[in-house]
Amino acid sequence: MILSLIPWTTSLLVGVTEIASPGIPGPLVVFGEKAEVVVAAKQGQFMEPVVARAEFGRGRVVAFGHNGYFGNGALAEGQTRQLMKNAIAWARQGSGPVGVHRASDMVSLIRSEGIEVRSLAESDLSSLEGLSLIIIDPTNSAITHAAPIQRFVENGGGLIIASLGWGWLQLNPGKNLRGHPGSSITEKMGIVWADGYLERNAGSGFLAAPGPATAHAAKAIESLASQAADGQTGQTLTRVIATLPTDHAFIQRLEAAMATLPDVVPTDRKPIRPQDVTARVALSLQLRRIQEAGPREVRAHPASAEFPGLPEAESQPVSKTLRVDTSRSRWHSTGLYALPGSLISVRTTSAAIDSKLRFRIGAHSDSLWHLNDWKRAPEITLSVPIANAQFEIASAFGGLIYIEVPQNSRPGTVEFRIDGGILAPHYVHGMTTLEEWKSSLRNNPAPWAEFETSKVILTVPSQFIRNLDDPKSLMDFWDRVADACADLATIPRDRSSAERFVTDIQISAGYMHAGYPIMTHLDAAPRFVDLAFLTDKEKGGDWGMFHEIGHNHQHPDWTFGGTGEVTVNLFTLYIIESVVGRVPGYHVRWTDEQLLETFRRHREQGASFDKWKSDPFLALAMYVQLQQAFGWDAYKKVFAEYRDLAPNQRPRNDDEKRDQWMVRFSRAVGKNLGPFFDAWGVPVSTAAKESIQELPAWDFPR
């Protein structure tokens, strides 16, 4: 079989049915006329490239969506090794040695094919004469060698390159994918790395198939022009728009194919769905143009009136001077709101500005690009570095204004004067008096309000707080919630930054999700500020809100596989008991009899660990039994022990996490819990059980 006579995709996939999914691979954007998708993987209900190849001049390139493809682990999965052999055979057209840079596991594979290998240092990438093929995992410094690598390929050399889009973005905050080191090399070849995650669709990882034709961006444009566009077309083109620079010829071609860009206003009642291809592509193009516009070029986007919204009444821009304590990290609220399209002027009189400080407009930072339906524009906030003592900024969507202080910033105080924002309802615990709040502040015109303490900040639509008379009691409650989390986690109550809750019309995942900020849907907004509801002992407060702040206090050392949604609820229950005042807190979910019956039924059904791991409330019942018997102080003692562990004492994998949890809890309560873990079907090692044999066995409820 002569590979050169076989169609491109077929030649690379000879003998290949499945390939690995090392880590979490990200997508590629394939747009070149001489580029081709080799393997496509799932992203939601659509497909995106994870392996691609192209001809460039007289040379050839193969690109992978994760650098883990060069590792022995991935090469051993499915037929990844065979795919890599096929890639080498196709890309390498000469007989010279193969150069390898930052892909040492590939050396033995290449030598097994009878090919000479040379290891390449970073500096060697500028001079590649005599090589037939190079295999590289590019770093940021590789950008300086992009031109010589491109010449090498153009003149007949081969290139196999693997990298990751989303991972590079995480390591390079504030940058965009135009600066990706792999893309700087392969953009001219019609392939670049994109943001996002890909999902497994086969036992080894990915089925070895190129997916639909419109996973290739050029085919997607043809589909758009022929009126045969579907959701896949929209997925491919929105990914292109989010990845390529707006001055790129391909983006200009796409805009020409669109002819006109209609106003697109997604709403809760009428979201933009995958089949709304024209609207989806048009909104994506508009958002990219907005991102790259200068402050004086920005205009209010029509969708901004729907969300985040406009003032209820006429409002006047104001000037405000504030001081920011840079010893406290994350977002600092200003009490100001930027109207959509309005010009905000910022000036600092401080002698020195920390170059890491940023100016933010908008609290709704969740990106929705990956979701099928868009109930609002998928990206509506703006965050820019504060590079100068005086600057202007504008947002097409508007939003609350913040100063962002990264962790480990230089301690001090920075003074800012902000001109052009409107006043927002803003209560600051310990500073705002109830008289100030009721007489004026709660009536400030901005459509979003904030309640702030040093421990918790709530961001809700202003419509829900206009009649709130006592924010002090409300925020006293939320401070007690934060303190309860700190007490159970055995960390100081004083925090370097407050936990922040933000309500949104649509969020990136789930009904609520943890992080910074903690995100919830708008239906939770009135509950956040309803003290009577939050302190209702019969209902136990709000499980979801307490659950999400609990996530921010979990520790991975005592959270093993299957317990991510379990150990968090220790915090939920502790808040219900210690703050809301319902004792026992677990009676929100079970009576004592129901709890014991849950345990008995699990044992009768074989005490399957897989079942235990898949049912968070079944697993929680086990933790509640420990709390019933030994109290919250036992948990605090164990958590404190974990907190103070030396690095070499921390568990390295799930087996060690289960062993340590049983052993440390057993020693904390002075009882042998091995039989209890066996009864629940939670596996622990024989060595771990033997290490606590001297302890008396716990006569647990049966």
Side-chain angles (χ1 to χ4, degrees), residues 21 23-24 166-167 170 197-200 366 370 481-482 484-486 488-491 499-501 507-521 524 542-576 585-586 588-590 595 598-599 602 607-627 632 634-636 638-643 645 650-665 673 676-677 680-684:
S21 171
I24 304 177
W166 68 261
Q170 285 192 351
Y197 313 108
L198 296 175
E199 307 162 30
R200 300 168 68 96
D366 266 16
H370 62 291
V481 169
C485 290
L488 183 57
T490 66
I491 60 175
E499 299 288 345
R500 185 180 286 274
F501 288 88
I507 64 177
S508 59
Y511 174 61
M512 299 181 178
H513 71 71
Y516 189 87
I518 298 168
M519 297 298 303
T520 79
H521 286 87
D542 193 292
W543 184 283
M545 296 175 188
F546 304 156
H547 175 98
E548 297 307 338
I549 196 171
H551 269 307
N552 284 1
H553 294 82
Q554 276 178 297
H555 198 288
D557 285 353
W558 40 260
T559 300
F560 50 84
T563 63
E565 293 299 323
V566 180
T567 61
V568 57
N569 281 325
L570 294 171
F571 293 92
T572 313
L573 294 176
Y574 189 71
I575 294 166
I576 290 171
Y586 61 81
V588 173
R589 292 284 171 177
W590 309 276
L595 184 68
T598 297
F599 184 27
H602 180 62
S608 163
F609 183 50
D610 286 339
K611 168 66 174 170
W612 188 93
K613 289 193 298 181
S614 67
D615 186 340
F617 284 104
L618 174 64
L620 181 61
M622 178 182 178
Y623 286 80
V624 169
Q625 284 185 304
L626 292 172
Q627 189 276 326
W632 288 114
Y635 276 102
K636 293 176 183 179
V638 177
F639 290 163
E641 185 178 323
Y642 274 100
R643 185 198 63 219
L645 288 180
R650 298 190 181 281
R652 295 166 296 180
N653 52 49
D654 258 15
D655 291 342
E656 291 188 7
K657 287 181 181 182
R658 292 193 302 273
D659 280 359
Q660 285 200 25
W661 178 248
M662 184 201 70
V663 171
R664 294 185 189 282
F665 211 101
L673 299 180
F676 179 64
F677 275 65
W680 272 101
V682 177
V684 288

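- Looking at residues two or more places apart in sequence or on another chain, you find no ring-ring contact (aromatic ring centres under 6.0 Å, His included) involving Trp590.
- For Phe639, the ring-ring contact (aromatic ring centres under 6.0 Å, His included) partners are Trp558, Tyr635, not counting sequence neighbours.
- Under a cutoff of 6.0 Å and an axis angle of 45°, Arg664 and Tyr642 form a cation-pi pair.
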Does Leu573 form a side chain to side chain contact (heavy atoms under 4.5 Å, CB included) with Trp543? I'd like the steps, not just the answer.
CA-CA 8 Å; Leu573 294 176; Trp543 184 283; 3.8 Å; yes
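- Closest of all the heavy-atom pairs between Leu570 and Trp632 is O-CH2, 3.4 Å.
- Of all heavy-atom pairs between His553 and Glu499, the closest is CE1-OE2, 3.6 Å.
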Candidate pair His555 and Arg650, rule side chain to side chain contact (heavy atoms under 4.5 Å, CB included), full reasoning
CA-CA 11 Å; His555 198 288; Arg650 298 190 181 281; 4.0 Å; yes
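- Checking side-chain atoms of Trp166 against main-chain N and O of Ile24 turns up a donor-acceptor pair under 3.5 Å.
- Taken to the nearest 0.5 Å, the OG1 atom of Thr572 stands 8.5 Å off from the CD atom of Glu548.
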Go through the steps to decide whether Trp661 and Phe560 satisfy the test ring pair (Phe, Tyr, Trp, His ring centres under 6.0 Å), and finish with yes or no.
CA-CA 9 Å; Trp661 178 248; Phe560 50 84; 7.7 Å; no
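- The two residues Val568 and His547 have their closest heavy-atom pair at CG2-O, 3.0 Å.
- Between Leu620 and Tyr586 the shortest side-chain heavy-atom distance does not fall below 4.5 Å.
- The salt bridge (charged side-chain N to carboxylate O under 4.0 Å, His left out) check on Asp366 picks up nothing, with sequence neighbours excluded.
- Taking the six-membered ring where the residue is Trp, the centroids of Trp680 and Phe609 are separated by 6.0 Å or more.
- Between Asp655 and the options Arg658, Arg652, Lys657, a side chain to side chain donor-acceptor pair (under 3.5 Å) holds for only Arg658.
- Atom CG of residue Asp557 and atom CZ of residue Arg643 lie 12.5 Å apart, to the nearest 0.5 angstrom.
- Under the 4.5 Å side-chain criterion, counting only non-hydrogen atoms from C-beta, Phe571 is not in contact with Ile549.
- Between the OG1 atom in Thr598 and the CE atom in Met622 there is a gap of 14.0 Å [rounded to 0.5 Å].
- Thr559 OG1 to His551 NE2: the interatomic distance, rounded to the nearest 0.5 Å, is 9.5 Å.
- When every heavy atom of Ala524 is checked against every heavy atom of Met512, the shortest pair comes out as CB-CE, 4.1 Å.
- Among residues two or more places apart in sequence or in another chain, the ring-ring contact (aromatic ring centres under 6.0 Å, His included) test is passed with Phe501 by Trp478, Phe528.
- Take Glu565 and apply the salt bridge (charged side-chain N to carboxylate O under 4.0 Å, His left out) test, not counting sequence neighbours, and it matches no residue.
- Note that CD1 of Ile576 is 8.5 Å distant from CG of Asn569, once rounded to the nearest 0.5 Å.
- For the atom pair CG (Asp654) and NZ (Lys613), the distance works out to 7.5 Å, reported to the nearest 0.5 Å.
- Judged as a salt bridge (charged side-chain N to carboxylate O under 4.0 Å, His left out), and not counting sequence neighbours, Lys636 has no contacts.
- Using a 4.5 Å heavy-atom threshold, the side chains of Met519 and Ser508 count as separate.
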